[in-house]
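Reminder, nothing fancy here: chain letters follow the sequence lines and each chain counts from 1.
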Amino acid sequence: MRPEDVPGLPEGVPEQLQSEGIEELYPPQAEAVEAGVTEGESVLASIPTASGKTFVAEMAMLSSVQRGGKALYIVPLRALASEKKAEFERWEEFGVDVGVSTGNYESSGEWLSSRDVIVATSEKVDSLIRNNAPWVSELSCVVADEVHLVDDSHRGPTLEVTLGKLRKINPGLQVVALSATVGNADEVAEWLDATLVESDWRPIDLKMGVHYGNAVSFDDGSQREVPVGKGDRKTNALVADALDEGGSSLVFVNSRRNAEAAAKRLKDVTARYLTPEEEGELAELAGEIRDVSDTETSDTLANCVAKGAAFHHAGLAADHRSLVEDAFRDRLVKTVSATPTLAAGVNTPSRRVVVRDWQRYDGEFGGMKPLDVLEVHQMMGRAGRPGLDPYGEAVLLAKDADTRDELFERYVWADPEPVRSKLAAEPALRTHLLATVASGFAHTREGLLEFLDRTLYATQTDEPGRLERVTDTVLDYLEANGFVEREDGTVSATSVGHTVSRLYLDPMSAAEILDGLEWAADHREESLRKLEGVESASEPAESGGFQRASEMVDDGDGDDAGSFETDRTYPTALGLFHLVSRTPDMYQLYLKSGDRETYTEECYEREPELLGKTPSEYEDVRFEEWLSALKTARLLEDWASEVDEDRITERYGVGPGDIRGKVETAQWLLGAAERLAGELDRASTVAVREAKKRVEYGVRDELLDLAGVRGVGRKRARRLFEAGIETRNDLREADKSVVLAALRGRRKTAENVLEAAGRRDPSMDDVDEAEGVSDATFERASGRTDGERDEGDDADDPQEQASLGDFG
DNA sequence: GGTCACCGAATGTAGACAGCATGTC
DNA sequence: CTACATTCGGTGACC
């Protein structure tokens, strides 16, 4: 089938496709067209990655918009939202506007109502439905990308429920579901009332094999000699072998540490294949990576990248990740060793994929658990770059013949597992039942059950009463916590229940927060008394950043020293950090050996600040959770006390990306807590907002005012404070030369800051810098204005070091 | 006294969505 | 019920 044979596309689109080099549709694409995707028919395309799934969706959306409709494309990851948006924007010349909506990003310009195609995560769509976004009822086509993720125990139910709600709101809605090849695509298609298009067809051949001894045996019967020298590693040999033919490799491993260790070893392999030109470019890239964050992780990554190897995992900062992904796509970086982040994330194909580890530690399982077939297939599916490679190779590693046979059996020949709905789990239903009631989809227990009856779960369950039982348990829970009311068989959301639903909180998180705030109100006097008593013992960490901060307070005017005690706020920031950290919406930090003692001690020291009764040490699980929440809270407190990033990563055993994640989650939860506090008890609202601002800006409380000024982050705020400018008002009245010196002689920056602070005469013309600035500052101010990299003169100035404020 | 190679024991383990209202260096 | 790569810490050999 050729593009011009596809019915329903807007005028000019077939020509555009031909100009992109698309002469002929791929067989599965043609099959989808025959099934009517461009004529409003629902279709489930269960086909391999990289075989043109997105294009099936594009054709459906274009034709739907052509008929005057509006399309929604649901992605599983925020990173994919921007990728898809960029891809779809090439249709703008045909009158198709694209908008994105995710938690941290919303396309600017007009409100989404005016867009023809909207890209969003499933959680965002769910949230938009809860908040009655007007355009939801105007949808004519919804695309669910990676729909097999309904199997995911944490996020799958959201996708499942969201699709159900969208279809209930828009009875004639066209559903285009895209899925990897799974065991029970027919069941999923039936649930969605969609025509199934199933195929193994790939545009580039994929050879799957197992390496054992000195060769790889492939599924097509062929062999490839890849000798492993004595003392060498299989992975190294396979990467080198691919490079001999100019191909890149992706190595999947089972832990972050392994990813880093593998990259360190592989850099000695890749280094041998670099041209001088590449070496230059890589050196530059390594510099960029180092600039992202001043941590050990960043440094290690830069050292590896300089030699052509990289690692990739969730502990990396977002900028690290995209730099690595882009460089790998540009073939500058020759190999990436990665955890599953890369298999699920943005498109990063490679000539060869090595699945080194096929087992992963699973605490609940109690040891190493073999990966799902689906997951391994997803990783292997990354092999083969369209237009670059004649074929892709995916290789598993076996140390003996038995393992080789097992791997063939288990992964190469095996069909992927069936997709199973995880909706009946209590945590999932807690959230979704409340939302279903709150947004008016059901008003009775029976109504809820009827809604649930249309889910994938219902079509799959072989345990009839289960859903009903869990529903009752959950309704009892919601009622007991005051989120819903039941009367004469009807169920309705209370005012708090509505708020919780709209805030997108897990009801259990909301209950925890409400309990904590109430506890604070009840124990205010008592806790404050205790706090005054232990004042001297409650100093936060002895960090570089903090030391400087306190020194500067002392060096400034001495009379500031006492203010800390007198206007103490309650609850304290640590108390609030701990409160949100023990909520199920916050991913818990792992307690390492020794941490138990450390934080038990910490717990007793800081107990007056914690909002709730510390569980007994004998209640093992609860106590552990309490401590690990305390560890998270301490991390947040460090961050909000201007402790350097590398100090934090070292102290808590996390990567720069983890800090960012914690901070973001804390910000969100504290925002939610602020709203909840406002709904009940005004007294703590101020404290909550202050704690939230401190995490947001990453500053101690004395800088909150300054950091709120546009153009001033944690570093500039501290420098200004150090120069004696302590408030926004000081900025308006201070000697301009002092401001200029504090901002290191950047005139334009200083003008912008003064303007943002509301100064009437922000101009910096004819202003000289103040005396008494450090040499380093002076040198920089006079010598450079274009912000070039410089290694040397920053070392002695902690405020200079890169910080989290630099990416986001 | 100091360094180094080696070996057994201890250690620690993937990922990432959301409110709201706007702007870091 | 299940693992395993890496790092740590101790040991003995050697200079």
Side-chain angles (χ1 to χ4, degrees), chain A residues 75-79 81 101-104 106 108 120-128 130-131 149 152 154-155 158-159 233 252-262 264 291 313-315 318 338-345 356-363 365-371 375 399 431 499-506 509 585-587 590-594 653 657-658 660-662 664-665 667-676 692 696-698 707-717 719 743-744 746 749 752-753 756 787 800 802-808:
Chain A
V75 289
L77 296 171
R78 294 200 290 225
S101 178
T102 65
N104 65 344
E106 195 141 306
S108 49
T121 55
S122 36
E123 285 77 10
K124 187 63 187 192
V125 177
D126 187 16
S127 166
L128 289 164
R130 295 183 188 193
N131 290 285
L149 292 174
D152 184 279
H154 186 219
R155 301 183 52 207
T158 305
L159 178 58
R233 290 174 176 265
F252 285 105
V253 297
N254 64 3
S255 73
R256 293 177 179 190
R257 206 169 58 177
N258 283 340
E260 298 191 16
K264 280 188 203 165
D291 282 351
H313 58 63
T339 55
T341 19
L342 211 58
R356 196 194 77 177
D357 301 334
W358 53 279
Q359 305 189 95
R360 186 162 47 231
Y361 180 84
D362 182 334
F365 187 71
M368 296 305 269
K369 189 180 179 181
L371 301 185
E375 199 175 343
K399 56 181 189 300
T431 299
T499 305
V500 170
S501 168
R502 280 198 303 266
L503 287 172
Y504 212 78
L505 277 181
D506 181 334
S509 298
D585 275 310
M586 177 78 86
Y587 181 80
Y590 188 84
L591 282 186
K592 302 184 184 201
S593 72
D658 298 303
R660 188 66 247 175
K662 286 278 167 299
E664 206 177 274
T665 310
Q667 231 173 289
W668 167 54
L669 287 171
L670 286 167
E674 187 186 336
R675 287 279 294 272
L676 288 173
K692 181 192 141 190
E696 186 179 341
Y697 302 139
V709 176
R710 178 160 25 93
V712 180
R714 72 191 317 222
K715 287 187 274 184
R716 286 177 180 172
R719 294 186 72 91
L743 297 174
R744 319 155 90 231
R746 307 274 175 91
T749 306
N752 290 340
V753 166
E800 249 320 284
S803 78
L804 283 169
D806 293 350
F807 51 84

So what does [X] hit on the nucleic acid, given a heavy-atom distance under 4.0 Å: a base, only sugar-phosphate, or nothing?
| X | answer |
| --- | --- |
| A:G661 | nothing |
| A:G367 | nothing |
| A:V709 | sugar-phosphate |
| A:K264 | nothing |
| A:A261 | sugar-phosphate |

Whole-angstrom distance between C:dC4 and B:dA16, as gauged at atom P: 26 Å
Taking atom C1' in both C:dT2 and B:dT13, compute the distance separating them and give it to the nearest angstrom. 15 Å
For nucleotides 9-17 of chain B, give me one character per nucleotide, 5' to 3': B if any protein heavy atom sits under 4.0 Å from the base, S if the only such contacts are to the sugar-phosphate, - if neither. ---SBBBBB
Enter the distance from A:T121:OG1 to A:R155:CZ here, rounded to the nearest 0.5 Å. 7.0 Å
Residues in salt bridge (Lys or Arg N to Asp or Glu O under 4.0 Å) contact with A:R78, at least two apart in sequence or another chain: A:E664
Qualifying residues under side-chain contact (heavy atoms from CB on, under 4.5 Å), relative to [X], sequence neighbours excluded:
| X | result |
| --- | --- |
| A:L149 | A:P76, A:E146 |
| A:T749 | A:R716, A:R746, A:V753 |
| A:T431 | A:R130, A:D506, A:P507 |
| A:K369 | A:D362, A:F365 |

Can you sort out the partners of [X] under side-chain hydrogen bond (donor to acceptor under 3.5 Å, both in side chains), two or more places apart, ordered by chain and number?
| X | value |
| --- | --- |
| A:Y504 | A:D126 |
| A:E674 | A:R689 |
| A:R356 | none |
| A:R257 | none |

Taking 5' to 3' order, which nucleotide of DNA chain C is first and which is last to have an atom within less than 4.0 Å of a heavy atom in chain A? C:dT2 to C:dT6
[atom1] of [X] versus [atom2] of [N]: gap in Å, rounded?
| X | N | atom1 | atom2 | value |
| --- | --- | --- | --- | --- |
| A:N104 | B:dA18 | CG | P | 7 Å |
| A:D291 | B:dC25 | CG | P | 16 Å |
| A:E106 | B:dA18 | CD | P | 11 Å |
| A:R130 | B:dC20 | CZ | P | 11 Å |
| A:L676 | B:dC20 | CG | C1' | 14 Å |
| A:L670 | B:dA21 | CG | P | 17 Å |
| A:L505 | B:dG19 | CG | C1' | 8 Å |

Take N1-N3 plus N6-O4 or O6-N4 for Watson-Crick, N1-O2 plus O6-N3 for G-U, both under 3.5 Å. Which runs of 3 or more such pairs involve DNA chain B? B:1-13 with C:3-15
Looking at A:R714 and A:G698, would you say the former's side chain and the latter's main chain have a donor-acceptor pair under 3.5 Å? yes
Would you check if the side chain of A:S127 reaches a backbone N or O of A:E123 as a donor-acceptor pair within less than 3.5 Å? no
Mapping A:R716 and A:Q667 to their closest nucleotides on DNA chain B, which lands nearer the 5' end? A:Q667
